[in-house]
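Below is one structure; the comments refer to it alone.
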Amino acid sequence: MIKKTVPNVEDALKGVASGMTFMLGGFGLCGIPENAIAELVKLGIKDITCISNNAGVDDFGLGLLLQQHQIKKMISSYVGENDEFERQMLSGELEVELTPQGTLAEKCRAAQAGFPAFYTPAGYGTEVAEGKETREFDGKMYVLEPAYKADFSFVKAWKGDEAGNLIFKGTARNFNPCMCGAATVTVAEVEELLPAGSLDPNEIHVPGIFVQRIFQGTHYEKRIEQRTVRQKA
Amino acid sequence: MIKKTVPNVEDALKGVASGMTFMLGGFGLCGIPENAIAELVKLGIKDITCISNNAGVDDFGLGLLLQQHQIKKMISSYVGENDEFERQMLSGELEVELTPQGTLAEKCRAAQAGFPAFYTPAGYGTEVAEGKETREFDGKMYVLEPAYKADFSFVKAWKGDEAGNLIFKGTARNFNPCMCGAATVTVAEVEELLPAGSLDPNEIHVPGIFVQRIFQGTHYEKRIEQRTVRQKA
Amino acid sequence: MLDKNGIAKRIAKEVKDGYYVNLGIGIPTLVANFVREDISVEFQSENGVLGMGPFPFEGEEDADIINAGKQTITTLPGASFFDSAMSFGMIRGKHVDLTILGAMEVAENGDIANWKIPGKMVKGMGGAMDLVASAENIIVAMMHTNKAGQSKLLKKCSLPLTGVGCVKKIVTNLAVMEVTSDGFKLLERAPGVSVETIVAATEGKLVVEGEVPEMAS
Amino acid sequence: MLDKNGIAKRIAKEVKDGYYVNLGIGIPTLVANFVREDISVEFQSENGVLGMGPFPFEGEEDADIINAGKQTITTLPGASFFDSAMSFGMIRGKHVDLTILGAMEVAENGDIANWKIPGKMVKGMGGAMDLVASAENIIVAMMHTNKAGQSKLLKKCSLPLTGVGCVKKIVTNLAVMEVTSDGFKLLERAPGVSVETIVAATEGKLVVEGEVPEMAS
């Protein structure tokens, strides 16, 4: 068994530097790598490019990095929950590349699985396809989208083991599996870090081969963006 | 919940006909849809095209369909365990399309996920790439491979529920998940068919949306091709 | 004239037994409340869940179980969770039978715009571009006119597109329309709404053939 | 001269701490027996398992747990199972550090042929074409000559190729060679084998520089 555990978030993020490109898992605030983001804020590195479906909210998630003006460019599908984001974007401080959500997921998966590019129908005929190669297959038009290239992937799982194997909970899975192994270094933080052999090999969502470093996360806030309930009848 | 259960293999295979293209899960004899294959033999349909990583052995798996001369064409990556297969191929009775194993898996996944084609490095510079479009990305050469088109997918899982959700065991998973939803109709046979709600939604390998019909399989032989053991020390 | 619930209720009639349905944010989300109880339907949310149930009871919310609108949800028996790549595999691979979403503008050829107002608002397309580029069956739920009273059913969209020629049906507060090669074909009038009112509120070509029935309630 | 186990033992020295390794059928399978016990290595099998262990004890075989050679296997703590698409994602995505496989022919430019003898034998390429097209580090384990005594290290492969310019190193019963832009570079002689014997058994260009050491045992 190849051991991937590191003692803490500081060791897990060794090597991150200004100007790098990061992938960050999560959908909204669900399943985001809270510990890695907090450490990136602490490290104060600048000019980061972030590939993340969303940009957090003003005071949590990637919003924390936006507040500190650490992000140069965001690559996302939806950024509608963040006033500071909107301000920086409209003022031109922040570069933004909006990408269809399925395309974003697949550009990560392509990087993970060694595909240089893929054809998707999403965005054909829209400004998303401007300047991109398009092509017809069986009478339908597709856009050629290249795989992402990133320096680090930061993902968050529910359970993990020393071998780097990961299991996610509910919809906190989202982009996290697609981003594992899609960057030069994949750093996984988990709610529960277990010895090798604790997880059923049948139930593993991401095999450890896609993960370079894994650590036990702490102080998960797991904030809910839209608490929605129904009344008891 | 949308119910996918059918009472038996006869109902599960309604609509199969001579001349159709089928995908069949399994690697060697591991994880093959034994019940569906037996029923295809019984139905006696002819001129089938089979997409399956292997072609079974002389007297089991797809070998049973070969014996009856029901197969017109095999699309596989490895066919080296079957004398009758070799005889039919060399005599020209059987058409054979050999495809790299990873390409075969991805051609199924592409059909499942709505990708018309993809670029893979496998087979570049070999006869597998003859007549196919090739292309350079970042200094490396790739071959364009189209998604498969099939009428039925026959897969075999360990556990399944009424909603068509599937869980596989060990390496019997192999091509089965990639083939679900990759044909017009996906038929899953399972060792254990359970009521909806019996499976943990986190542990499902194939969501029921990719499966049209599911049934409780019977009499699994699960033959071992290469029984290999070590001696107790 | 219909309110938002009325629009959702009318669209719910388009949901058939055995359908997997993806509901967008806003009016589409309300559709789930009106689907007939004697048919089997499963709701997919592109953030990675199939078999969504109602919102949780107070105190039972789970931060790890949300829908694409970031709302806390529950799951029903037979539900499953999966990653974003597989989720969009379901969508792109046409396994989802019906997509219901909102729009800022729809053109008479089926073009849709719903993600960007240049210089004013850029929230992003989320999963909408994948959904409209893939689904065979796309219904738009929206008000017939915008807040300034201008028609949202146009000859040609003025805003950046989300998808081209993809919308099949539109249900607004005033009418039910089908997108045909001749333009918007008026199928039903909302209760108490005249054909003239609908014609006046529609900038794009509206095809009115014979007697247009009032929507059944 | 080395026997099959000797070849496997020599190749095992190429396996470094932290490597994920894919072993082909035949001699490569034997490599697992000789890997140093003080390093951490995981074996991947392309049919969908990472963390393979030894063969099971008699009576403990499980038909659902096999390797790519269809042999019954066991798994070690930290193992995982996955589908074929993900398995080849590991391979194509260069997550597997070392691939060891057999060959019928290797050319001096690194071409390899190992899946077909036209008109005689067509077993198929299995996962070999994916492996050789993707891996950065490919070692071939084979006999230096075929049963007819002809060299398997050629100027140019005569059989249909499995991959082009991909082999990095070759370990045979006679020698260890590296593929360079100048041809096969002789690195080590098998015990008791002279440079002359290796030269005579090699049809392709063999680069011999200075004193070629005998393999350390």
Side-chain angles (χ1 to χ4, degrees), chain A residues 27-31 53-55 76-81 86 89-90 96 98-106 108-109 112 120-128 140-143 158 168-178 205-206 220-232, chain C residues 25 29 45-49 52 54-75 81-92 111 113 115-116 118-134 160-166:
Chain A
F27 184 97
L29 301 178
C30 182
N53 188 57
N54 309 86
S76 302
S77 88
Y78 191 82
V79 292
E81 283 103 355
E86 202 162 1
M89 178 173 58
L90 294 174
V96 178
L98 289 166
T99 302
Q101 194 171 138
T103 302
L104 198 154
E106 196 66 20
C108 296
R109 193 250 171 190
Q112 174 193 76
T120 178
Y124 175 74
T126 76
E127 63 179 56
V128 161
K140 187 173 170 130
M141 294 301 297
Y142 295 81
V143 184
W158 181 36
F168 302 87
K169 189 183 142 216
T171 55
R173 192 178 321 182
N174 56 65
F175 288 84
N176 285 296
C178 319
H205 295 141
V206 173
Y220 283 105
E221 192 171 329
K222 303 221 282 188
R223 206 185 283 188
I224 293 175
E225 262 180 274
Q226 305 285 340
R227 188 176 303 271
T228 315
V229 297
R230 69 184 144 140
Q231 298 310 311
K232 287 210 161 124
Chain C
I25 298 170
T29 304
S45 194
E46 65 267 28
N47 59 315
V49 55
M52 268 192 293
F55 296 123
F57 291 118
E58 178 114 35
E60 294 176 6
E61 315 92 287
D62 183 338
D64 290 327
I65 303 182
I66 65 169
N67 65 16
K70 283 97 176 177
Q71 295 170 309
T72 43
I73 55 156
T74 61
T75 57
F81 297 114
F82 35 85
D83 67 44
S84 301
M86 180 179 271
S87 185
F88 282 91
M90 288 177 191
I91 290 166
R92 204 185 303 101
D111 287 358
W115 71 286
K116 185 177 182 178
K120 258 183 88 177
M121 187 283 294
V122 190
K123 293 195 181 302
M125 67 293 283
M129 281 194 182
D130 305 271
L131 282 159
V132 301
S134 307
L161 295 184
T162 307
V164 292
C166 52

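Naming convention: chains lettered A, B, ... in sequence-line order (proteins, then strands); numbering from 1 in each chain. Because the structure is predicted, anything quoted here is derived from the model rather than measured.
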Given the rule in the side-chain contact (heavy atoms from CB on, under 4.5 Å) test, do C/K123 and A/Y78 qualify, once you have shown the distances and angles that lead to the verdict?
CA-CA 6 Å; C/K123 293 195 181 302; A/Y78 191 82; 3.5 Å; yes
Option in C/G69, C/G165, C/A63 with maximal non-hydrogen atom pairs under 4.5 Å from chain A
C/A63
Measuring from atom CG of A/L98 to atom CH2 of C/W115, what distance do you get when rounded to the nearest 0.5 angstrom?
5.5 Å
Can you tell which part of C/S134 gets under 4.5 Å to a heavy atom of chain A, answering side chain, backbone, both or neither?
both
At a heavy-atom separation under 4.5 Å, does C/D111 approach chain A through its side chain, its backbone, both, or neither?
neither
Is the backbone of A/Q101 close enough, under 3.5 Å, to the side chain of C/D130 for a donor and an acceptor to pair up by distance?
yes
Top contributor to chain C contacts, counting heavy-atom pairs under 4.5 Å, from A/A105, A/G125, A/S76, A/G170:
A/G170
In terms of heavy-atom pairs under 4.5 Å with chain A, the winner among C/T162, C/V132, C/I66, C/I65 is C/I66
Among A/S77, A/A122, A/G80, which residue has the highest count of heavy-atom pairs closer than 4.5 Å to chain C?
A/S77
Option in C/L161, C/N47, C/T75, C/D62 with maximal non-hydrogen atom pairs under 4.5 Å from chain A:
C/N47
Residue A/N176 versus chain C: region with a heavy atom under 4.5 Å:
neither
What residue in C/G163, C/G127, C/G48 has the most heavy-atom pairs under 4.5 Å with chain A?
C/G127
Between C/Q71, C/E58, C/E61, which is the residue that forms a side chain to side chain donor-acceptor pair (under 3.5 Å) with A/R227?
C/E61
Look at A/C108, A/C30, A/G28 and state which one has the largest set of heavy-atom pairs under 4.5 Å with chain C.
A/C30
Given a strict heavy-atom distance threshold of 4.5 Å, which part of C/A113 is in contact with chain A: side chain, backbone, both, or neither?
neither
Atom NZ in C/K116, atom OG1 in A/T126: separation rounded to 0.5 Å?
9.5 Å
Side chain, backbone, both or neither: which part of C/F81 has a heavy atom under 4.5 Å from chain A?
both
Rounded to the nearest 0.5 Å, the OG1 atom of A/T103 sits from the CE atom of C/M125 at a distance of 8.5 Å
Is the side chain of A/R230 donor-acceptor paired with the backbone N or O of C/P54 at a distance under 3.5 Å, no angle test?
no
Kindly say whether C/A133 contributes a backbone atom to a donor-acceptor pair with the side chain of A/K140 at under 3.5 angstrom?
yes
Minimum side-chain heavy-atom gap C/F55-A/Q226 below 4.5 Å
no
To the nearest 0.5 Å, what is the distance between CZ on A/F27 and CG on C/D83?
13.5 Å
Choice from A/V96, A/T99, A/L90 maximising heavy atom contacts with chain C below 4.5 Å:
A/T99
Give the minimum heavy-atom separation between A/G102 and C/R92, together with the two atoms involved.
O-NH2, 3.6 Å
Between C/V122 and chain A, with a heavy-atom cut-off of 4.5 Å, which part of the residue counts as in contact: side chain, backbone, both or neither?
both
Using modelled atom types and a 3.5 Å cut-off, is there a donor and acceptor pairing between side-chain atoms of A/T171 and backbone atoms of C/D64?
yes
Between C/T72 and A/I224, is any pair of side-chain heavy atoms under 4.5 Å apart?
yes
Non-hydrogen side-chain atoms of A/N54 and C/K70 separated by less than 4.5 Å:
yes
Mind ranking A/K169, A/R109, A/M89 by heavy-atom pairs under 4.5 Å with chain C and telling me who comes out on top?
A/K169
Report which part of C/E60 has an atom under 4.5 Å of a heavy atom belonging to chain A: side chain, backbone, both, or neither.
side chain
Among the listed options A/K232, A/R223, A/M141, the residue most often paired with chain C at heavy-atom distances under 4.5 Å
A/K232
Among C/A68, C/G89, C/G119, C/G59, which has the most heavy-atom pairs under 4.5 Å with chain A?
C/A68
Select one option (side chain, backbone, both, neither) describing which atoms of C/S45 are under 4.5 Å from chain A's heavy atoms.
neither
